[in-house]
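Take a look at the structure below.
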Amino acid sequence: SAHNVYVDLFCPSLVTSPLHPLPPHIHTHSCAATAKPSNLAVEDLPASQAEELRQSVENYYGEVLQKTEDLKTSACCTAVAPPPIMRTILSKVPEEVISKYYGCGSPFPLGIEGLRVLDLGCGSGRDCYACAALVGPSGSVTGIDMTSSQLAVAEKYKDTYCTNTLGYPTTNLTFVKGRIENLKDAGIQDDSIDLIISNCVINLSPNKASVLKEAYRSLATGGEMYFSDVYCDRRLPESVRVHPVLLGECLGGALYVEDFIRMARSVGFMDPRVLSSNTIDVLDPELAPLLGEAKFYSITYRLFKVPGRI
């Protein structure tokens, strides 16, 4: 069946970093330059503070940002061009969907025809539209996001894109409003997804452990997460983690890489694998000084749900 496909792909020869979670150029540190490190990366936030951060993110992506050019840093911009086949697919995605894209990578595994795909934090839906072409008419793609204005754009073109552009008999795209920390409330059932993608979104969550737990619950055995996000070489101070612009620009919420590895393993993803890594340069004269010596990276990971296999 479709959901068993990634068990066969669990092979060291297919990934660039089979054992070590970090590319060799990333040197980790315990905290930002002169600030006391925060424990927000590894502990749940109080409900009130978590809600404040969610509202800050929703405002940034729903009101402050109107197009990609409004970003103040390159953290939410794709560092490397996708492969030619993906550029061809993306060229057919509606322009308004593309204009509101704020991702940092290209989480598009090939060979996914017929799979059930879920995009965490789909925004305007660019990656969902691309995956709709990759899975074919027998597959399905669901995007979840908490920002109504972004979902409105995603919904606007899905039917004409699938039936007219792709030539499918019916749409294979679905968009739902919800929080990625609680997929069940959005109707995502246990073991119902073959592939989870996400593009520069998990860093925005105030409870990343819950995101990973829900992803693991939703994946069928043999499924995987294939996603890009922003990470840091140290734990960031609280002043950075709650700064509304740094948070919205995907820097304030960046996990210390080693914390992410531990978190992934704690929920069942026992062997996180790095597919690609690119340095993020923060050149904004107002934001850069706030970050001290912290270094940021856009990393694409693969996490496999293969219980008992590792």
Side-chain angles (χ1 to χ4, degrees), residues 17 20-54 56-57 60 72-76 79 104-105 120-121 180-181 198 200-213 215 225 227-267 269-274 277-284 286-301 303:
S17 182
H20 200 280
L22 282 175
H25 64 278
I26 301 181
H27 304 288
T28 59
H29 302 273
S30 61
C31 62
T34 58
K36 181 180 179 181
S38 166
N39 62 1
L40 298 184
V42 292
E43 295 181 357
D44 290 346
L45 291 174
S48 59
Q49 190 173 5
E51 186 59 33
E52 287 178 8
L53 293 182
R54 281 196 193 94
S56 176
V57 169
Y60 201 76
K72 295 181 179 296
T73 73
S74 65
C76 297
C104 63
L120 302 182
I180 61 176
E181 301 90 353
S198 187
C200 206
V201 171
I202 297 175
N203 73 85
L204 299 171
S205 170
N207 192 337
K208 299 166 181 64
S210 291
V211 176
L212 293 179
K213 289 175 184 175
M225 288 186 71
F227 67 104
S228 303
D229 212 346
V230 176
Y231 296 92
C232 191
D233 68 342
R234 64 198 71 203
R235 293 176 182 167
L236 294 166
E238 186 171 351
S239 61
V240 170
R241 299 190 67 83
V242 299
H243 189 285
V245 176
L246 290 174
L247 183 64
E249 293 282 327
C250 300
L251 298 171
L255 272 178
Y256 171 42
V257 181
E258 298 294 348
D259 283 338
F260 167 73
I261 298 299
R262 285 186 283 268
M263 189 181 292
R265 288 173 174 158
S266 73
V267 304
F269 295 118
M270 302 307 296
D271 190 18
R273 299 188 175 211
V274 173
S277 176
N278 296 281
T279 302
I280 295 171
D281 296 319
V282 182
L283 304 177
D284 186 276
E286 294 183 6
L287 299 180
L290 302 177
L291 300 172
E293 298 299 318
K295 307 298 181 187
F296 295 87
Y297 304 89
S298 170
I299 302 177
T300 298
Y301 276 104
L303 306 180

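The first residue of the sequence shown is numbered 1, and numbering continues consecutively from there. Both backbone and side-chain heavy atoms feed into the values below; hydrogens, waters and symmetry mates do not.
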Measuring only between side-chain heavy atoms, which start at C-beta, is [X] closer than 4.5 Å to [Y]?
{"X": "L255", "Y": "I202", "value": "no"}
{"X": "L251", "Y": "V240", "value": "no"}
{"X": "V242", "Y": "E238", "value": "yes"}
{"X": "L212", "Y": "M225", "value": "yes"}

One should read off an interatomic distance between Y256 OH and D233 CG, to the nearest 0.5 angstrom, of 8.0 Å

Rounded to the nearest 0.5 Å, the CD1 atom of I261 sits from the CG atom of L303 at a distance of 8.0 Å

Residues passing the ring pair (Phe, Tyr, Trp, His ring centres under 6.0 Å) test with F296, sequence neighbours excluded, are none

Residues passing the side chain to side chain donor-acceptor pair (under 3.5 Å) test with T300, sequence neighbours excluded, are S228, S276

If you take all heavy atoms of [X] and [Y], which pair is closest and at what distance?
{"X": "R241", "Y": "L247", "answer": "O-CD1, 3.9 Å"}
{"X": "A254", "Y": "L236", "answer": "O-CD1, 3.9 Å"}
{"X": "L204", "Y": "C250", "answer": "CD2-SG, 4.1 Å"}
{"X": "R234", "Y": "K295", "answer": "NE-N, 4.3 Å"}
{"X": "G121", "Y": "V201", "answer": "O-CG2, 3.3 Å"}
{"X": "E181", "Y": "N207", "answer": "CG-O, 3.7 Å"}

Worksheet item: Between F269 and Y301, is the gap from one ring center to the other below 6.0 Å?
Response: no

Heavy-atom donor-acceptor pair, [X] side chain to [Y] backbone, under 3.5 Å:
{"X": "K208", "Y": "G253", "result": "yes"}
{"X": "N203", "Y": "D229", "result": "no"}
{"X": "S198", "Y": "F227", "result": "no"}

